[in-house]
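The structure appears below as structure tokens.
Bear in mind that the values here come from a model prediction, so they are computed numbers and not experimental data.
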Amino acid sequence: MCNSKGLEKYFRPGRFARNFWKLDLGLNAFSGKISRLWAMDTLDLSHNQFSGNLDELAFSLCHNGTARVRGLHLNDNNFEGFVPDCFLQS
């Protein structure tokens, strides 16, 4: 099992992760608290054991009421809170 601490050196803001347009880490056994995400086209963290509060992630997921990620897959994790309003707009 890999936790998110081991991934932080690669995926922290300011590193190459912000140049991705699609990142698929789904269907793994990754775990740990996610406290910040980065803007990209598609981000798939589904089917892992990540945790964190979605309300706190809203700062990095939304900008001026607009979603900064077009395809966001967080299902089957241990997140708490509500999906940010910017993802509920059509």
| task | Indicate, with yes or no, if L88 and L72 share a hydrophobic cluster defined by side-chain heavy-atom contacts under 4.5 Å among Ile, Leu, Val, Met, Phe, Trp and Tyr. | result | yes
| task | Only pairs at least two apart or in different chains count here, so list each salt bridge (Lys or Arg N to Asp or Glu O under 4.0 Å) that has a residue in residues 42-54. | result | none
| Can you tell me how far CH2 of W21 sits from OG1 of T42, rounded to the nearest 0.5 angstrom? | 7.0 Å
| field | Contacts of D76 that satisfy side-chain hydrogen bond (donor to acceptor under 3.5 Å, both in side chains) - sequence neighbours left out | value | H47
| note | Nearest heavy-atom contact between L61 and P84 is CD1-CG, 4.1 Å
| field | By side-chain hydrogen bond (donor to acceptor under 3.5 Å, both in side chains) - contacts of D41 (at least two apart) | value | R70
| Quick one: side chain to side chain contact (heavy atoms under 4.5 Å, CB included) partners of S35, sequence neighbours excluded? | none
| request: Enter the distance from L74:CG to N48:CG here, rounded to the nearest 0.5 Å. | output: 10.5 Å
| message | How long is the straight-line distance from CG of D24 back to OG of S46, given to the nearest 0.5 Å? | response | 7.0 Å
| message | Distance check, rounded to the nearest 0.5 Å: Q49 atom CD versus F79 atom CZ? | response | 11.5 Å
| request: Taking side-chain hydrogen bond (donor to acceptor under 3.5 Å, both in side chains) as the test, write out the residues that go with S60, two or more places apart. | output: none
| note | Heavy atoms of R68 and H63 approach each other most closely as CD-CB, 3.6 Å
| Distance, nearest 0.5 Å, that separates CZ of F82 from CG of L54 | 10.0 Å
| Pairwise distance CG(N77) to CG(N75) - rounded to 0.5 angstrom | 7.5 Å
